[in-house]
There are 2 protein chains.
Amino acid sequence: MYEVFFQKFRDKVSLTKEEEGLIKQFLTPKKLRKKQYLLQDGDVCKHIAFVEKGALKAYTVDESGTEHIVQFALEGWTISDLYSFLTGEPATYNIDAVEDSELILISKAAHEELLQQLPKYETYIRLQITGAYIALQKRLTSIISLPLEERYKHFTTTYPDIAQRVPQHMIASYMGLTPETLSRIRSRIFSRK
Amino acid sequence: MYEVFFQKFRDKVSLTKEEEGLIKQFLTPKKLRKKQYLLQDGDVCKHIAFVEKGALKAYTVDESGTEHIVQFALEGWTISDLYSFLTGEPATYNIDAVEDSELILISKAAHEELLQQLPKYETYIRLQITGAYIALQKRLTSIISLPLEERYKHFTTTYPDIAQRVPQHMIASYMGLTPETLSRIRSRIFSRK
DNA sequence: AAAACCCATTGATTTTGGTCAATGGAAAAT
DNA sequence: ATTTTCCATTGACCAAAATCAATGGGTTTT
């Protein structure tokens with residue numbers, strides 16, 4: 001149940017068996033069926049969720065009811081409304097399951113306790129958030145500097161797993177496009193080469 | 001010379017005079033004239049730069065020679081090509097001074113040494129990068145979910161200082177627009193209210 | 001003080017993506 | 001097995017932003 005989590009952890013910081021056991025006490029497993037919410041806009045985000053299996057998405061919904069996907073998370077990724085988690089303010093994102101999923105939850109209390117008790121946990125969190133920041137900055141850069149067709153190619157080469165598993169209209173939403181436009185971009189790419 | 005830096009540091013983590021002295025040994029001040037480069041695309045990013053005074057921008061340049069601004073940094077902000085800094089890969093951003101500026105540089109060696117010697121430094125870095133991540137995620141959300149006019153308003157209310165000090169064509173670039181389009185959006189906003 | 005440059009604005013036109021609508025196929029529900 | 005539902009695609013049309021081009025106000029340079 002915790003294999004992927006500790007694998008990712010050890011990729012960043014080495015752990016003894018004892019430390020692993022200590023951490024385990026603070027983790028809560030949770031299963032989520034496809035389309036179930038992990039978090040709803042307006043609620044306070046109570047957990048950081050690590051994806052052991054499955055796929056989730058974080059998104060906003062505008063007045064017209066359109067979803068705008070902010071983030072996908074597959075196995076090995078972490079998802080939350082970090083601002084809400086840290087401040088206790090109501091969340092501005094919804095998070096739900098794109099597929100049946102298995103998660104590992106870290107509550108605010110557990111997070112703070114681990115930061116206190118285990119310096120390696122702080123290092124893990126620091127490296128984890130740093131990686132997320134860099135990935136986000138690259139995404140932003142591709143949005144402001146690449147033409148649409150290049151952006152789509154960049155996306156599919158950076159995240160081939162997401163491109164394969166997730167319905168196209170969600171990818172369109174993630175890219176800030178309508179499904180029709182993404183479909184046309186794809187057909188242009190295929191016909192041209 | 002180090003006032004703003006330690007002020008920001010203490011906002012996140014308290015420091016004794018001794019600790020402050022220790023950190024100071026690892027910092028290098030640097031002045032930059034308007035338009036001077038701090039980092040050029042292709043070079044390795046050797047430092048994290050903290051802005052004591054002035055304003056910098058990080059940007060890419062596409063084949064047509066157009067700049068795409070990824071980030072601004074005013075007093076109290078930090079700027080670098082973090083990916084290049086951490087991995088030693090060539091940078092993909094240029095960074096230069098929008099105004100005459102005073103910086104505090106942290107080299108890779110200094111960064112690693114401080115992480116080793118001073119747990120509070122790691123905490124500072126963790127909180128700092130967390131804040132940057134949240135800000136970036138908000139920016140991304142506004143890009144994919146808000147209509148242009150709202151996005152501009154969001155920008156000016158979130159960063160009134162940048163909106164005032166930086167030329168409009170740079171803000172257009174930061175928003176992924178042409179200067180003409182931003183100008184028209186502004187005139188629409190002013191005439192409408 | 002004049003010249004050169006930078007920059008914001010405005011107009012005319014083109015390009016690009018969005019909207020509305022219909023179709024067909026595949027997957028899920030009954 | 002058959003009906004729904006969901007989803008990708010395509011077409012016609014519309015709206016929005018980019019491009020091209022010109023103007024004039026400010027700065028800075030000389």
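Reminder, nothing fancy here: chain letters follow the sequence lines and each chain counts from 1. Computed from heavy atoms alone, side chains included, the values below leave out hydrogens, waters and symmetry copies.
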Produce a footprint string for nucleotides 12-28 of chain C: one letter per nucleotide, 5' end first; B if the base is under 4.0 Å from any protein heavy atom, S if only the sugar-phosphate is, - if neither.
B----SBBBB-------
Presence of His169(A) side-chain N/O under 4.0 Å of dC6(D) phosphate oxygens OP1/OP2:
no
For atom NZ of Lys30(B), is the number of surrounding heavy atoms from other residues, nucleotides or ligands below 6.0 Å larger than 12?
no
Does CZ belonging to Arg33(A) count more than 12 external heavy atoms closer than 6.0 Å?
no
Would you mind reading off the distance between Lys35(B) atom NZ and dT27(D) atom P, rounded to a whole angstrom?
16 Å
Proximity to the side chain of Ser187(B) - top-ranked nucleotide from dT9(C), dT10(C), dC7(C):
dT10(C)
Cation-pi geometry met for Arg139(B) and Tyr174(B) (6.0 Å, 45°)
yes
Given the side-chain rings of Phe72(A) and Tyr159(A), with only the six-membered ring counted for Trp, is the space between their centroids under 6.0 Å?
no
Just how far is it from atom SG of Cys45(B) to atom CG of Leu39(B), taken to the nearest 0.5 Å?
5.0 Å
Might you point out which heavy atoms bring Leu136(B) and Leu140(A) nearest each other, and give the distance in Å?
CD1-CD2, 3.9 Å
For Lys34(A) and Val98(A), which heavy atoms make the closest approach, and how far apart are they?
CG-O, 3.4 Å
To the nearest angstrom, how far is Glu99(B) atom CD from dC6(C) atom C1'?
16 Å
Taking 4.0 Å as the cut-off, does a side-chain nitrogen or oxygen of Gln168(B) come that near to OP1 or OP2 on dC6(C)?
no
Let me check the geometry of the helix from dA1(C)-dT30(D) to dT30(C)-dA1(D). What is the bend angle between the axes at its two ends, five pairs each, to 10°?
50°
Which heavy atom of Asp81(A) sits nearest a heavy atom of Thr92(A), and at what distance?
OD2-N, 3.0 Å
